[in-house]
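These notes concern the structure reproduced below.
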Amino acid sequence: MDKLITVSPSPHIHSGQSVEKLMYGVVIALVPAFIVSLFFYGIGAIIITGISIISCILFEYLIQKFLLKTEVRIADGSAMVTGLLLAFNLPSNLPWWIIIIGALVSIGIGKMTFGGLGNNPFNPALVGRVFLLISFPVQMTSYPVPSGMSTPYISNIEGFTGPTPLGILKEGLKQGTPVAELMRDLPSHLDLFVGNMGGSMGEIAGAALLLGMLYLLIRKIITWHIPVSIIATVFLFTGILYLINPVKNADPLFHILTGGLLLGAIFMATDYVTSPMTPPGMLIYGVGIGLITIIIRVYGAYPEGVSFAILIMNGFVPLLNRYIKPKRFGEEVKNG
Amino acid sequence: MLKTFTKGGVHPAENKLSVNQKIIDLDLPASVSIPISMHLGVPSKPLVEKGSEVKVGQLIAAGAGFVSANIHSPFSGKILKLDKSLDTSGYKRDSIFIDIEGDTWLPEIDRSSDIKKEFSYSAEEIIQKIKDAGIVGLGGATFPSHVKLSIPRGRKAEYLIINGVECEPYLTADHVLMLEKSEELLIGTSLLMKGLKVDKAVIGIENNKPDAIEKLQKIALNYKGISVQALKVKYPQGGEKQLIKSILNREVPSGGLPVDIGAVVFNVGTAFAVYEAIQKNKPLIERIVTVTGKKLKKPSNFRVRIGTPIKMLIEAAGGLPDDTGKVINGGPMMGKALPDTSIPVVKGSSGILLIPAEESKRKKVEPCIRCSKCVSVCPLGLEPYLLMALSQKSLFERLEAERVMDCIECGSCSYICPSGRPLLDYIRLGKSEVGKIIRSRKK
């Protein structure tokens, strides 16, 4: 033979799957929820998302180029996903400079300090979000009242901001008001489902988030294990509490549709890098997130809790990967 | 719902380009080199020397030991020399060089196309004839067939499974064989059933070959105990363990053999070779080879004598395309890239695949994003990302505990990895090291 040919071990074909395709797949899955936010919160949704994405990508670029002096990998889409998810976890009237701080913490501390993509133990967007929640509790918990496309960006005017449904619940219960009475002031389940409530920018739109989940499942970007185990655990746990004492506990559907549970279960907890590698590990992780979320909501000081629950379970992931193994072929031989 | 195996698997583009091509006989070359190691096990011992005259079908190298196989001359002519020559392993190995003169066959070989159905051999006679004919597994693993037929003491075969899955993309050799040699295949299956002393045989075929399923189903009605099972298309269903799981819903235990759970598997090509060996006195000297590739002019299925240089096959299929980047012996998932096209066809060559240059280079390796796709596609329930990491760190004890030796090297993990990581490369490395450790422990 007079020409050179490549000799390499099998397999000789590749699926064409790539990090970029997976990451941009997540971006596509978040579009419906973004559109709903735009519909209820107006220009603020665009500003928050834009600032968050741009600063996440920029910080990743600066850190890779000048601090770590490694290959710049901003095109892989992971910084964009972090930016998008951080934005989805912020109120849409948050001052721009707080968003930039959040992006710096997410990318800098949450991701790059550990060595960048694939190495961070905790979900970067949640690291940023929780940092902001603790550092700027007032700004982070005053949500604009959803008033349509014309909602102004800076709306610290009295009457334009309000608490989340879970905030109202928590406050009301503290004063001894029964749940049934509180529910009268709260948005209906249908409103919760379509996203007509106060809350972080991307957490409000239950229906749109579920649509995103469907897309992720069909494209096989995620498997059902994590979202389903979280949602089922929350449903069962709050269901039991509700049956025991409906005066003090909200119904399960209310819990599932509020407080970013769906956003967390579908998009945050399923983050590849920080979730378990095996299906049984994923189920344990999901159940853990569900339980911790409700413990925080019902018995803790915070009205929500999904962010904390995910971060806590992120910490258990190495342990789950080490000890929870997939069922091996030929392990239990049941013949016939 | 069609049957299939439950754990893992992938679905690569099928690209069965040569699917409608009838089997064509290839012309004879002028001279060839026949490697004496075309099977799994000990290389055969040459029985000829320089200057010997040989006829087609004559024994030229004898199996050396139990796990070994006879080799018969596929050509007539004179032995040129015994020397080293490049073979499909990519290394130079001992081979028998033949200068071909004419095409004189041993007289006892029945070259007619008459189908001979009746036989009255005992199981032992059948196994002996298969051993004499040098038959090895033609699916690619080339394990000597008489060894598989010799059931270890204390075990009992219950089912014969005939593998007509052909799950490798591009390859169609088994498919055309099932269509054109259906009757012979079923007779071969009956012979194997007799040899194994089983009364049940199942031919497993993936559902992308409906014509073969229909034809064999119809003919199988005349054969007692043989049924045809259509299977859902999923790679690597042609793997022995996966095929048994698909058909019988039994799992071969880790480190065990199929016969531990009562099954013995043979490829359709092997069953056909068994028919020819026993009913027609014809040893294993030729096989069906698919020659294919996206840029190839005429993707084809040839009946080829063992030892024919693969460049002759490529010429007959329209010539080597200019931008060929890789020449593969076998399919794209498990085949071996060859360094040269003068290498001969061997008993295990099911196909020659030409991959264009633009598809020959691997993807850039990126960091593991822990997407766990490798875990979900592994048909053995292993964790390829972990095995790779442990192999890189030379943690062989943990590698063994994580069952690296169960890996069948199907390549699904490397195929699916979005970061293009060389998972299987490192797993192979780990397997070879762990294999050494296990062997030294046994001593």
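Throughout, a chain's letter reflects where its sequence line sits, starting with A, and its residues are numbered from 1.
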Does atom [atom1] of [X] have more than 12 heavy-atom neighbours, drawn from other residues, nucleotides or ligands, at distances under 6.0 Å?
{"X": "B:Glu397", "atom1": "CD", "value": "no"}
{"X": "A:Phe316", "atom1": "CZ", "value": "no"}
{"X": "A:Phe235", "atom1": "CZ", "value": "no"}
{"X": "B:Tyr426", "atom1": "OH", "value": "no"}

* Answer with side chain, backbone, both or neither: which region of A:Ile13 has an atom nearer than 4.5 Å to a non-hydrogen atom of chain B? => both
* Between A:Ile221 and chain B, which part of the residue has a heavy atom less than 4.5 Å away: side chain, backbone, both or neither? -> backbone
To the nearest 0.5 Å, tell me how far [X] [atom1] sits from [Y] [atom2].
{"X": "B:Ile369", "Y": "A:Asp76", "atom1": "CD1", "atom2": "CG", "answer": "8.5 Å"}
{"X": "B:Cys368", "Y": "A:Asn119", "atom1": "SG", "atom2": "CG", "answer": "9.0 Å"}
{"X": "B:Ile355", "Y": "A:Thr6", "atom1": "CD1", "atom2": "OG1", "answer": "9.5 Å"}
{"X": "B:Arg403", "Y": "A:Phe329", "atom1": "CZ", "atom2": "CZ", "answer": "11.0 Å"}

* To do: Mark yes or no for whether B:Ser254, through its side chain, and A:Glu331, through its backbone, hold a donor-acceptor pair below 3.5 Å.
  => no
* Structure fact -> Ranking A:His12, A:Glu71, A:Glu20, A:Lys220 by heavy-atom pairs under 4.5 Å to chain B gives rank one to A:His12
* Structure fact -> Most heavy-atom pairs under 4.5 Å with chain B, out of A:Ser10, A:Pro276, A:Gly116, A:Pro9, belong to A:Ser10
Closest heavy-atom pair and its distance - [X], [Y]:
{"X": "A:Asn321", "Y": "B:Glu383", "answer": "O-OE2, 4.2 Å"}
{"X": "B:Gly381", "Y": "A:Pro326", "answer": "O-CG, 3.4 Å"}
{"X": "A:Gln17", "Y": "B:Ile416", "answer": "CB-O, 3.6 Å"}
{"X": "B:Ser372", "Y": "A:Met277", "answer": "CB-O, 3.3 Å"}

* Can you spot which of B:Lys364, B:Glu366, B:Lys363 makes a side chain to side chain contact (heavy atoms under 4.5 Å, CB included) with A:Ser18? => B:Lys363
Is there a side-chain contact between [X] and [Y] (heavy atoms, below 4.5 Å)?
{"X": "A:Arg322", "Y": "B:Leu386", "value": "no"}
{"X": "A:His14", "Y": "B:Glu359", "value": "no"}
{"X": "B:Lys373", "Y": "A:Ser15", "value": "no"}

* Are B:Arg370 and A:Asp271 close enough, and set up right, to give a side-chain contact (heavy atoms from CB on, under 4.5 Å), and what steps lead you there? -> CA-CA 9 Å; B:Arg370 308 180 72 76; A:Asp271 170 42; over 6 Å; no
Under 4.5 Å from a heavy atom of chain A, the part of [X] involved:
{"X": "B:Leu380", "answer": "both"}
{"X": "B:Pro379", "answer": "backbone"}
{"X": "B:Lys361", "answer": "side chain"}
{"X": "B:Ile328", "answer": "side chain"}
{"X": "B:Leu338", "answer": "backbone"}
{"X": "B:Pro12", "answer": "side chain"}
{"X": "B:Phe5", "answer": "neither"}

For each of [options], tally heavy-atom pairs with chain A at distances under 4.5 Å, and name the one with the top tally.
{"options": "B:Lys311, B:Glu409, B:Lys7", "result": "B:Lys7"}
{"options": "B:Ser360, B:Cys417, B:Gly420, B:Gly256", "result": "B:Cys417"}
{"options": "B:Gly335, B:Ala13, B:Ser419", "result": "B:Gly335"}
{"options": "B:Met334, B:Lys336, B:Arg428", "result": "B:Arg428"}
{"options": "B:Cys378, B:Gly90, B:Cys374, B:Pro367", "result": "B:Pro367"}

* To do: Dump the intermediate steps for side chain to side chain donor-acceptor pair (under 3.5 Å) on B:Lys326 and A:Ser8, then the final yes or no.
  => CA-CA 9 Å; B:Lys326 252 187 199 179; A:Ser8 61; 2.8 Å; yes
* Residues A:Arg328 and B:Glu402 bridged, charged N to O under 4.0 Å -> yes
